[in-house]
Each structure stands twice: as structure tokens, then as C-alpha cells.
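What follows is a short report on a single structure.
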Amino acid sequence: MLVERDHLLGTLTALVAQAAAGHGGMVFLGGEAGVGKTSLALALADAAGDRLTVRRGGCDNVTTADALGPLIDAVPELSTVIEDEAELNRLRLFRRLRAVLGGTPTLLLLEDVHWADEATLEILRYLGRRIEGMPLLVLATFRSDEVVGSHPLTVVLGDLATAPGVRRVQLGPLSVAGVSRLIEAAGSPLDPDQVHRSTGGNAFYVTEVLAGGEQSVPATVRDAVLARASRLSPRARQVLAAAAVLGPRAELELLVAVSGQPAVAVDECVERGMLVGPGPGLAFRHELARLAVEQTLSPAVRTALHTAALRALLASGGDDRQLAHHAAGAGDRDCVLLHAPRAAARAARLGAHREAAEQYRLALRFADPDDAATRAQLLAALSYECYLTDQLQEAFAARHAAMELAEQLGDTAAVGTAQRWLSRLSWFLGRNSDSRRYAGLAIQTLEPLGDGLELAMAYSNQSQLEMLTGDPDGAVSWGNRAVELARRIGELMPEIHALNNMGTALSSYRDPLEGATRLARSLDLALSIDAHEHAARAYTNLSGTAVNRHRFAEAERHLRAGIEHSTERGLDSWRLYMSAVLANVLAEQGRYPEADELVRQVLCKFQLAPTTRILVTVVAGQLAARRGEEASGLLAEALELATPPRRPSGWCRSRRLGRRQRGWPAGRSRSSSRSTGPGRPSCSTRRPGISASSAGGWRWPACAASRRCRLPGRTR
């Protein structure tokens, strides 16, 4: 029974009609757990069934999020693309999904996307930006009380806030009148005011209270669920326990196998309303009910059920993610170490790098402390996934631990590889001296081993450091060594990397035309083999060199292409950094609202690399000061981050900028500084960075020496 949702259902039904006519839309439906989001979604599906093809998928939090799990449930046609190792490409996958959903008018229901994996959220972002011209309505439900702060869905909602056809709706609790209608329909003697006070108008809790048939209102939803469960036979309660361990939905055969009970016991759970069966498999009426049952299980019972689930799934061919989860619950070390890395590799292949990192962490928890080789391999893999997702402190710690294990094993090549990565990670973390020390150690370690991929990358890493510190001769010298070795051994990655270094150095300091040619070649090669990170770095450095030549339209073009590339491939580190650079470019052009929005999106991330945080904090401080707001705290933070030994190479100008701009008095009238007129530089020479000009007709104090107050385009 749908109560007090008629108006919202009518709004959504109107969007169904628009989608059927080819004008798509996306709705994010928020609300607390149990408020009735699923009931509203199913009512919409019933209303749309004669006009749209209904596809439905959902997320869960029983184990690590399944990469693209809800999309595969809803659009099984994607499976062939996903399982094709040779052809899989994230962008190709996105386009395939768009082709499937755009071919026939469709309603796509995705439930509980607050638990969605990284790749699924990127698909929502991808569709949201393109949905207006598609015959598609997407309804994505989420728990709004869980989507706060740095939650990944927060970023997606922010990115799509102004996208045409995308809207966010909040579903509130029932009123006393709504609760009264449910009580009347159930024929219950309970007092509506008392039920409303106890349940807060939560629709699921109200229905559980009424279904329990008690004369008094239970204290919690858990009590209401368990009161109903207590009336089941022992066999049916065992089925319910198995269903709680298996997750949100389980096939009948699997439920029978894991519970060890006959199908008639499953039927009892369905007849009593504890399990429901629309769609594939059987499920609890709500995740709150599943959790209530699961929390009553003793450790011994839970372990036994996980063991039974593992045995049954191994026999039926369960996927690696499920097998790793139940193996962990059963305490089966060997099985975890077999399936968790496989699940991680699959997640990474689909662009769900955070989920991949979770699987590697799971494997490390079960790895034998004395098995140095296995632990080293898992730590290196975890480090890379953390690096891609801007979890840099953990990436460094994991790589350092892997290096120490490699030293114990006497694996010189692995030691050199780790040293080269530690050089890169140290730079991201602002540890310049460590970065140079590890770079030199990597070359010393790898050169005695002869020609090889890792030595070529070590040469290119040294070239990169010279480029970052403004030494074009060193960058070109080491870059040429890397390219020559790469061509000699037939490896493309070091050549792509080194061309980027040399191109950036030449563009910035010596020969812009030759530099641009090498940078473009680096990008073309990276895109030709879909080398995700190398392409992102090329976009970053193309934009950085354009900023330094004051070619802001060109810089913006490269940045937007690079941000889209990084977004579609789950490269958070690069996406966030380029977004910070783009904020500065937009501000330089006087497009302050756009710059403010980008700054907000970047700063809402809980973890940011120092390089990104320095840049975005300076831009945020400049924008705040321009509005006449207190900015000294932001600029002081940027100054602290940019102060040796924490600052990355080449950030001295940002440090000076922070010092100069901290002198801007809070609340000082803009008219108190000499104005040069709207949109004109207040410094004697036009330089990048909004410190050099303002459409509002003001300038930063004491900035006659424009070289000292600029915020340059950054390269990486």
C-alpha cells in the first residue's frame, strides 16, 4: 500500500512519458533507510510497464561492492563485453551501455547507489551528462543520511547538479495521518500517535510493527523483526539465518543448500512475509530486516553458514568476489588468497580501483606472515590501486613494505622497481629529497641487471624529476636514454613517459614548438594503447604548458578532455588535480562562479595529494579574498603545505604567492587598492593566476613584481 506518495509518483510518471518520447531524465531519490524508496520505485515500474522496458539492479553492503554489479543485473547484455579480456575498454563499455539503453524506451531502476562501486558511479555520471536526448529514465535510490562529506556519491551528485534532465528528490517520512491510514488498513488497535512517535513515520518500521500483531509498539525495528521471526519453526529460522549470511538475494537452490533445510521451510518464510520473491531469487523485505537477523547469529553459527555457502558456491561456480567474502567468513586462508586477488584484478579491469584495493587488503589480512613473496606481490598491487585513487599515504606505506620484503628475498629487480615507485610517491607527498634519493637508488639497483623495462622507467623517472625542477638539459638527457633503451627492448611505456618529460621541459624552457610536438606524440601513443595514466599525465602537462604561455582556451580544452578521460577510467588523482588547475584557468578568465564550483568539488574530497591541495587551496583563498571574505586561513594552509621539506619540486612560486596574499586584510574594501579597471591586469606584465588581474577591479597588495604573484600552470 503506497501512502502519501501520490504527488511524487505523479511527477515521476510524467518523466516516464517524456522518456517514452525520447527526452530522458535521471532522478536521484534520497531518504532514510526504510522510508519507502523501494516501494515508490516499484510503483513507478508498474505504472511505466506498458510504455517503457523496465530494468532493475541493486547494490548491497554485504561484501566489497561488485564492480558494475547493479548494471550487469539490469543490463545482462554487458556481460559479454566485460568478460572479453582482449577487447575490454571502459569507454567502450560505457558506449555499449548507452547503445543498449538508447535503443528502446527504458526505465532503469538502480537501488541503494550509496553502496555502488566506483565504476557504477562513473557510469551514472556518464549517463547523466548525456541523458537528455535518450529515451531513458534512470531512478537511482540512496540513503541520504549516509551520503555526506567525502562519500563518492556526493561528488557525482555535485558533478551532475547542473546537468540538464538530472534532478534530486528527497522522500520524507509519513505523517500521523499516513500512519493512521496504514493502521486502519491493517485493522490494528494500535494508537496512530504512539506508533508515529515510536517509528518517526518510517514506512518500513510501521509495517513491521503492524505485521508483528503486538498490542504494544516494539522499542526498535530490530525488536519488531525478531518478534516476527520468533514465530517461525526452527527449520524456517535456519533458512532465515542462511538468507541473512548470503546477502540481499539468494536463489532457492542455494538457500536450501546453505541452510540444510527442505524447500518447505523456505516456503514458510515466504508465507510469513519474512522473505519475498519478486525478481530472481529470494530476499528480505528490507536490508534493515536482514541486518536484524544477521546480528543475532553467534560467531560459530555465522562461520558454519559461511562455510556452507563457500562449499555450495564452489560447486555451482560462484564469482570470485562472493567466494572471497565467504572464504573470509569461513576462515579459509587458501581460498581467500586464491579468489580475493582475482576479484581485485577484475575490479581494476573495470575501473573500480577502490574496490580492487579493498580486495587486496582482504588478501593481505589472510596472507601468511612468513610468506614474503606473496605479501610483497599483494602490497605492490595494493600500492598501485591506492596511487590511482589518491590514497597516497597508504600507497607509499604499502610500496615501502613491499621493498623491504623484496630485499629479504634478494629480488633485486623488485627492489629497484619499488625504489622507482617510492620516488614517484614521495614527489606526490611533497618529499623532494626522498624523491631524488629513491630515484638515484633505483638506477643504481637496476643498471647492473642490464637492459629492461624497469631500468628504462627509472631513467624516465629521473628525466621527470629534472623537468619538474626546471632543468631542461637534464630532462632531455635522461629522457633520451629512456627512449633509446625502450626502443632497444621494444617497450612503449617508457617512451611515452619520457616523451612527456622532454616535451614539457622543452615547451616550458627552451623550444615550445618541439616540446609541443613531443607532448602530442606522447598523448597519441598513450591513447592508441589506452594507457590510462600516461594519457592523463599528457593532458595535464599539455594544459600546464599552455597556461604558462597564457593560452587559456587551449589549456581549458586539454583540461576538459583530460578530466573526462580520467573520470571515465577512475583516475581520481589525475581528475582532481586537473580540476584544480581548471579552477585556476577559469578564474584567470574571470569565470568566478565556475571556478568556485570546481574548487568546492575538489575540496569535498577527504583525501587529497599535497600537490592538489596546495593548488586548490591557493585558488580557494584567492576567490574568497576577491569576495571580501576571510582568506588568511586558506592561504596559510597552502603556505604550510608548500614549505620545505613538504612541498613538491617547483612549488616555490606558490609558496611566495601564499606569503604575499596572506597580507590581504580580512574585510578590506576593494576600493582601498588602486584599480586598473575591469578585466585589466593590475601588474605590469600579464601573468597566469587571478592574482594578476580581476574583473572586479582590484589587485593583490604589493604585486607590482608580477613574476612573484603569479600562480603558474603546474606540470607533473
Could you report the tightest heavy-atom contact between [X] and [Y], atom names first, then the distance?
X	Y	value
A330	T307	CB-OG1, 3.3 Å
F284	V293	CE2-CG2, 3.9 Å
G58	D73	O-OD2, 4.2 Å
R285	G273	CD-O, 3.2 Å
S144	E32	OG-N, 4.2 Å
L71	L108	CD1-CD2, 4.4 Å

Exam field: side chain [X] to backbone [Y], donor-acceptor pair closer than 3.5 Å:
X	Y	answer
H326	A309	no
S188	E184	no
R181	A177	no
E4	G178	yes
R354	E118	no
R197	P192	no
S198	V195	no
D112	D60	no

Report the relative orientation of the aromatic rings in H325 and H306; use parallel for angles under 30°, tilted for 30 to 60°, perpendicular for over 60°. perpendicular
Have T567 and E122 got a donor and an acceptor in their side chains that come within less than 3.5 Å? no
Can we say [X] and [Y] salt-bridge, meaning some charged N sits less than 4.0 Å from an Asp/Glu carboxylate O?
X	Y	result
R349	E385	no
R346	D66	yes
R143	E111	no

So do the side chains of [X] and [Y] get within less than 4.5 Å of each other, counting heavy atoms only?
X	Y	value
Q238	S233	no
L97	L127	yes
L153	L121	yes
L246	V62	no
L8	L29	yes
Q295	R222	yes
V256	Q261	no
L136	L52	no

[atom1]/[X] to [atom2]/[Y] distance, rounded to the nearest 0.5 angstrom?
X	Y	atom1	atom2	answer
E287	E294	CD	CD	8.0 Å
D223	E208	CG	CD	11.5 Å
D596	Q601	CG	CD	11.5 Å
D332	T303	CG	OG1	12.0 Å
H114	C59	NE2	SG	8.0 Å
I72	T120	CD1	OG1	8.0 Å

Begin from the C-alpha positions of K37 and V169 and carry the test side chain to side chain contact (heavy atoms under 4.5 Å, CB included) through to its verdict. CA-CA 11 Å; K37 301 183 294 294; V169 176; over 6 Å; no
Decide yes or no on side chain to side chain contact (heavy atoms under 4.5 Å, CB included) for R96 and L78, but give the supporting numbers first. CA-CA 7 Å; R96 170 64 175 155; L78 294 180; 3.9 Å; yes
Checking salt bridge (charged side-chain N to carboxylate O under 4.0 Å, His left out) for the pair E564/R130: CA distance, chi angles, key distance, verdict? CA-CA 13 Å; E564 183 173 3; R130 297 159 176 83; 2.7 Å; yes
Counting only heavy atoms not in R5 (residues, nucleotides, ligands), do more than 12 fall under 6.0 Å from its CZ? yes
For R167, look at atom CZ and say whether over 12 heavy atoms of other residues, nucleotides or ligands are found less than 6.0 Å away. no
Given T141 and L110, is the side chain to side chain contact (heavy atoms under 4.5 Å, CB included) satisfied, shown in steps? CA-CA 6 Å; T141 70; L110 297 176; over 6 Å; no
Does NZ or CZ of R129 come closer than 6.0 Å to the centre of the six-membered ring of Y126, within 45° of the ring's axis? no
How far apart are the C-alpha atoms of R56 and L42, what are their side-chain angles, what is the distance that settles it, and do they pass the side chain to side chain contact (heavy atoms under 4.5 Å, CB included) test? CA-CA 10 Å; R56 185 182 177 193; L42 293 177; 3.3 Å; yes
